[in-house]
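Heads up: the structure comes next, in structure tokens.
Within every chain, numbering begins at 1; the chains are lettered A, B, ... in the order of the sequence lines, protein sequences first and strands thereafter. Source: prediction; values computed, not measured.
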Amino acid sequence: MSGVNLSGIVKAYGAVEVVHGINLDVAEKEFVVLVGPSGCGKSTTLRMIAGLEEITAGNLMIDGRRMNRIAPKDRDVAMVFQNYALYPHLNVADNMAFGLRIRKMPKAEIATTIADVAEILGLTNYLERRPADLSGGQRQRVAMGRAIVRHPKVFLFDEPLSNLDAKLRTQMRAEIKRLHNRLGVTSIYVTHDQVEAMTLADRIVVMNDGAIEQVGTPMELFNHPANTFVAGFLGSPPMNQMKGVLTEHGAKIGDTEIKFDGFANGQAGRDVIVGIRPEHVTLAAGEQTSALPIELDLVEPLGSEALLHARFGNDNVVFKADTKGDIQHLSGVGEVYVPAPLIKLFDAETGHALNAKG
Amino acid sequence: MVQGNTPAPGSAIESVEDTPDTLHDTFTDSRGSRLYDHFKREWQIYVMLLPTIVWFLVFLYKPMYGLQIAFKDYSIFRGVANSPWIGLEHFETLFSNDQFIRAVTNTIKISALNLLFGFPAPIILALMFNEILHATYKKTAQTIVYLPHFISSVIIAGIVITAFSPTAGIVNTIIGWFGLDPVYFLTQPQWFRPIFVGTGIWQEAGFGSIVFLAAIAGVNPSLYESAVVDGANRWQMMWKITIPSILPTILIMLIIRIGNIMEVSFELVILLYHPATYETADVVNTWVYRQGLQSGQYDLAAAAGLFNAVVAFVLVMTANTLSRRFSQTSLW
């Protein structure tokens, strides 16, 4: 079992604690993405797994073995760095062979391994080139190649796509996913990009301020965020969050009451945050929908859909609407409709999600 | 397809072809006006550059006028312009002069030793500093090795003379501990070169290491982290990452060093040598000094100086070309 287990992992620099007791189980062959804003401790956590940062407290187990005091080279992990970390004086083949030569693998075996991995990554024609002569995407592939040739138990990716342009990032994202499906190696991937997290992960770990906010599959996190942070972090545009007050039949936001069942249970008057995903509203009333009067501010066409930037009471909100090939009909929108089952409620004080009938 | 796009002679399209040039002239500023705009925008930079340009003109370019005395029978009474031309006579004199040949040989030998031992010393020192992890210890060590650079050559020579003194010098004291007789190091020709080169390393290696330390500081830290994950130890990282990464800097410094190969530290030689050690210590610069200033043979000294400069020029050009060809690194 090449799983990774973190229990109570703490990282402190002197008196400053930056990672506060992380608990996480990564199963064998699983692709787990650590996602969160800059400075949330995701890269530090990854570097502790790699052995590049000392673990202040807690236990790190890889493949059932405690790794806290084991040297990085003996952890059987391979890491892909944000800036690729390719040796500029070595060509592609030598870059990929670096770790194998250090480990004194026989030359013939190195050659075969490099050829195989180059074939997988489409680098066969570039083996003699130096990193400076490669495009960003090719460099990224070489960096991955260098990790793959080692046949490690765990792959660690530290924001590997953040230096690529948007188009190449999308392409490389798909390649990483395909590669993972093909190799089936346990992978831990760090990113601040929630789209990367959603598309790549078997499970996402949302981190904030050195702690885990929520762990789950992409759709679990999207549909059932544990708190306002996760709700606001995942989804593009993020979930609209408006202050409101519970009523007997729903919640009141400013002067507007939206109706839904199951939350009140005698809690009328409780302050809440009402969460509505931009894509969950419709322009026509339907079953169990409540109308939200809006003042349309801006329409941003994205092709098949458009973003409606608007004011709703005192809040700035963003909703998504189908363009149906034209945005003219969107310019006069003064009301959107939100289906009751898709409304999310959070405690106004703690930000924690409120369960229906809770 | 291409032929299809070529206008027939005399066609309407041909007459339109003049238009782009006209447009080009209309919308493109002349070189003069662009230069004027450039100076107007960046004049502060040129003002800052001015002292350097003046220094070069006054101390390096203007004296070149006097180089012609290397080909003249120079007399201070007739002046540079009015002294008669004598062709390469001074060069013939130089190359038939045993002392000059000896000075050239000594210069080359000392420079070769300097290159062999003095050039790698700051690189090794920088690599060693880079391995020191304790910050305070590192800073203290660096300060100690930088210090000799800021000491005047006269004091450095004084320290060396004292250290190698046959009566009170530390070196002979240590030799005495082993029951050996004192050695008169600075009067014996065979000791001059090792002492001179060693002194140069002691004085300049620390300061010279700053350039290489700066180059090492520029190496991407993730290269080391990647190597650590790959299993490299510190020794392997130094050989496989640090040295190749700073190789362009090493080559640039080597080219500069080769350009200065004929410029053996004149002051230190003058201060350390002795007629008894001329055999190994007299270099071109000291010979020029003695001939030019002490014997008043300015024209002969100018010819020797010119020879020195030409050799240095050829060496630096060669080193630069070779470096560009084999490592894609060059000064220009």
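A:Arg203 has a carboxylate O that lies under 4.0 Å from a charged side-chain N of A:Glu30, or vice versa, which qualifies the two as a salt bridge. By the 4.0 Å N-to-carboxylate-O rule, A:Arg101 lies close enough to A:Asp94 to be salt-bridged with it. Salt bridge A:Glu175/A:Arg141: present, at least one basic N to carboxylate O contact under 4.0 Å.
Between the side chain of A:Asn23 and the backbone N or O of A:Gly8 there is at least one donor-acceptor pair closer than 3.5 Å.
In this structure, B:Lys139 forms no cation-pi arrangement with B:Tyr137, as its terminal cationic atom is not both closer than 6.0 Å to the ring centre and no more than 45° off the ring axis.
Contacts between residues 215-228 of chain B and chain A, counted as heavy-atom pairs separated by less than 4.5 Å, involve B:Asn220, B:Ser222, B:Leu223, B:Glu225, B:Ser226, B:Ala227, B:Val228. Identified by a heavy-atom distance below 4.5 Å to chain B, the contributing residues of residues 70-85 of chain A are A:Pro72, A:Lys73, A:Val77, A:Ala78, A:Met79, A:Phe81, A:Asn83, A:Ala85, in residue-number order. Contacts of residues 108-134 of chain B with chain A at a heavy-atom distance below 4.5 Å are absent; not one residue qualifies.
A side-chain donor-acceptor contact under 3.5 Å links A:Arg66 and A:Asn59. B:Tyr146 and B:Gln142 are linked by a side-chain donor-acceptor pair at a separation below 3.5 angstrom, with hydrogens and angles left out of the test. A:His180 and A:Tyr189 are not linked by any side-chain donor-acceptor pair at a separation below 3.5 angstrom, with hydrogens and angles left out of the test.
In this pair, A:His89 and A:Tyr87 present their aromatic rings tilted. The plane angle is within the 30 to 60° band. The aromatic rings of B:Phe207 and B:His149 lie parallel to each other, their planes meeting at an angle below 30°, with 60° marking the opposite boundary. Using a 30° and 60° split on the angle between ring planes, A:Phe31 and A:Phe157 fall in the parallel class, below 30°.
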Yes or no on side chain to side chain contact (heavy atoms under 4.5 Å, CB included) for A:Leu168 and A:Gln171, after CA distance, side-chain angles and deciding distance?
CA-CA 5 Å; A:Leu168 203 53; A:Gln171 191 185 326; 3.7 Å; yes
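No more than 12 heavy atoms of other residues, nucleotides or ligands sit less than 6.0 Å from atom OH of B:Tyr61.
Of the two parts of A:Leu100, neither the backbone nor the side chain holds a non-hydrogen atom closer than 4.5 Å to a non-hydrogen atom of chain B. A:Arg47 touches chain B through its side chain: at least one heavy atom from C-beta onward sits under 4.5 Å away, while N, CA, C and O do not.
Looking at residues two or more places apart in sequence or on another chain, you find no salt bridge (charged side-chain N to carboxylate O under 4.0 Å, His left out) involving A:Arg139.
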